[in-house]
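Written below as structure tokens is the structure these notes are about.
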Amino acid sequence: MSLIEDLNWRHAVKAYDPAKKVSEEDLNKILESARLAPTSSGLQPFRVIVVENQELKEKMVQGALNPEVMRDSSHVLVFAAWDSYSDEKIDKVYDHHTDVRDLPRGRFSSYTDKIKEMYGAQTPEEHFAHTARQTYIALGLAMAQAAELRVDTTPAEGFSNEVVDEILGLGKLGLKSVSLLYIGYRDENNDWLSHMKKVRIPMEEFIIKM
Ligand SMILES: Cc1cc2nc3c(=O)[nH]c(=O)nc-3n(C[C@H](O)[C@H](O)[C@H](O)COP(=O)(O)O)c2cc1C
């Protein structure tokens with residue numbers, strides 16, 4: 001199967017079969033694809049929280065656009081970004097980089113000094129606008145990996161960030177939710193999108209050649 005076939009196979013599922021669970025093996029591949037996503041300066045300023053516990057899901061549906069989709073999914077992946085950058089966080093990431101690569105700590109200090117100065121001049125709101133954007137490549141890769149495994153997904157921004165942050169205690173971790181990814185197996189009889197054609201604008205409109 002090619003990536004294009006996988007992307008044509010997938011759609012944002014509107015009804016899951018609550019009896020079908022994603023295996024640990026497939027879940028780990030989906031999470032690994034998110035972990036391998038590139039990020040600005042390699043900071044990986046977000047985490048993915050895996051929610052399988054039904055009681056937690058029942059609480060998180062409060063304020064969600066598609067409560068039944070969240071409820072019946074096998075797992076909910078919460079993409080949650082750092083609420084701010086700090087010198088300490090940047091140093092921690094770059095110490096890890098140099099340690100993994102057997103380089104002396106501080107090897108990249110001329111670069112990290114520059115990004116510390118840049119983020120030091122910004123507000124936490126500006127930081128979060130940037131860290132939140134970093135999550136979307138990982139979200140896309142997770143969806144693509146899931147599709148290759150024929151695991152269904154629904155990306156979702158239609159939920160209450162306040163409710164999810166509160167229920168999962170994300171504030172204490174210095175994180176704020178950005179998006180959710182419901183994963184599981186489609187319920188073909190109730191998923192109204194299952195038998196519909198994929199709709200995208202034509203290539204000649206989408207691509208602007210100059
Ligand atoms: C960032 C993002 C947020 C989305 N939020 C929701 C959502 O809250 N609820 C929902 O049913 N679909 C949501 N979608 C799904 C889109 O509506 C869907 O991907 C789009 O219509 C294209 O259709 P397809 O994914 O089925 O090909 C979201 C998609 C993305 C990428």
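Along the sequence shown, residues are numbered consecutively beginning with 1. Numbering of ligands and ligand atoms starts at 1, following listing order.
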Looking only at protein heavy atoms, which one is nearest to [atom], and what is the separation?
atom	value
atom 27 (O) of ligand 1	K198 NZ, 2.4 Å
atom 28 (C) of ligand 1	P155 O, 3.3 Å
atom 8 (O) of ligand 1	G158 N, 2.8 Å

Problem set entry | atom 21 (O) of ligand 1 touched by protein (heavy atom, under 4.0 Å) |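 Neighbour list for atom 21 (O) of ligand 1 is empty of protein heavy atoms (cut-off 4.0 Å).
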Exercise. Hey, which of K20, R186, K14, R10 is the one that makes salt bridge (charged side-chain N to carboxylate O under 4.0 Å, His left out) with D152?
Worked result: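 Testing each of K20, R186, K14, R10 against D152, the sole residue satisfying salt bridge (charged side-chain N to carboxylate O under 4.0 Å, His left out) is R186.
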Exercise. Going through the checks in order, is the side chain to side chain donor-acceptor pair (under 3.5 Å) test met by S41 and Y94?
Worked result: CA-CA 10 Å; S41 300; Y94 274 82; 4.8 Å; no
For this session: Within a distance under 4.0 Å of any heavy atom of R10, pick out the atoms of ligand 1 and give their elements.
Result: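 Per the distance check, 24 (P), 25 (O), 27 (O).
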Exercise. Which atoms of ligand 1 are found less than 4.0 Å from any heavy atom of H11?
Worked result: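 So the answer, numbered in order with elements, is 26 (O).
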Is there a nitrogen or oxygen of [X] sitting under 3.5 Å from a nitrogen or oxygen of ligand 1?
X	value
L193	no
A12	yes
N66	yes
K14	yes

Exercise. Roughly how far, to the nearest 0.5 Å, is the CE atom of M60 from the CD1 atom of I49?
Worked result: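 The CD1 atom of I49 sits 9.0 Å away from the CE atom of M60.
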For this session: Give a yes or no on this: more than 12 heavy atoms of other residues, nucleotides or ligands lie within 6.0 Å of atom CZ of R107.
Result: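 At most 12 heavy atoms, drawn from other residues, nucleotides or ligands, come within 6.0 Å of this atom.
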For this session: Answer side chain, backbone, both or neither: which part of R200 comes under 4.0 Å from ligand 1, heavy atoms only.
Result: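 Only the side chain of R200 comes within reach of ligand 1.
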Problem set entry | Donor-acceptor contact present, side-chain K89 to main-chain S84, <3.5 Å |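 Looks like yes, one N/O pair under 3.5 Å.
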Problem set entry | From the candidates E157, M143, M70, the one that places a heavy atom nearest atom 5 (N) of ligand 1 |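 Among E157, M143, M70, the closest heavy atom to atom 5 (N) of ligand 1 comes from E157.
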Exercise. Aromatic rings Y119 and H127: how do their planes relate, parallel, tilted or perpendicular, breaks at 30° and 60°?
Worked result: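 Judged by the thresholds at 30° and 60°, the geometry between Y119 and H127 is perpendicular.
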Exercise. Can Y136 be said to touch ligand 1, with heavy atoms closer than 4.0 Å?
Worked result: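 Yes, Y136 has heavy atoms under 4.0 Å from ligand 1.
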Exercise. Residues two or more places apart in sequence or in another chain: which of them pass side-chain hydrogen bond (donor to acceptor under 3.5 Å, both in side chains) with N28?
Worked result: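 Scan of N28 (side-chain hydrogen bond (donor to acceptor under 3.5 Å, both in side chains), adjacent residues dropped) gives none.
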Exercise. When H96 is tested against each of V93, T98, V100 for side chain to side chain contact (heavy atoms under 4.5 Å, CB included), which residue passes?
Worked result: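 So the option named by the test is V100.
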For this session: Show your reasoning for whether side chain to side chain donor-acceptor pair (under 3.5 Å) applies to Y136 and S179.
Result: CA-CA 9 Å; Y136 285 96; S179 69; 5.1 Å; no
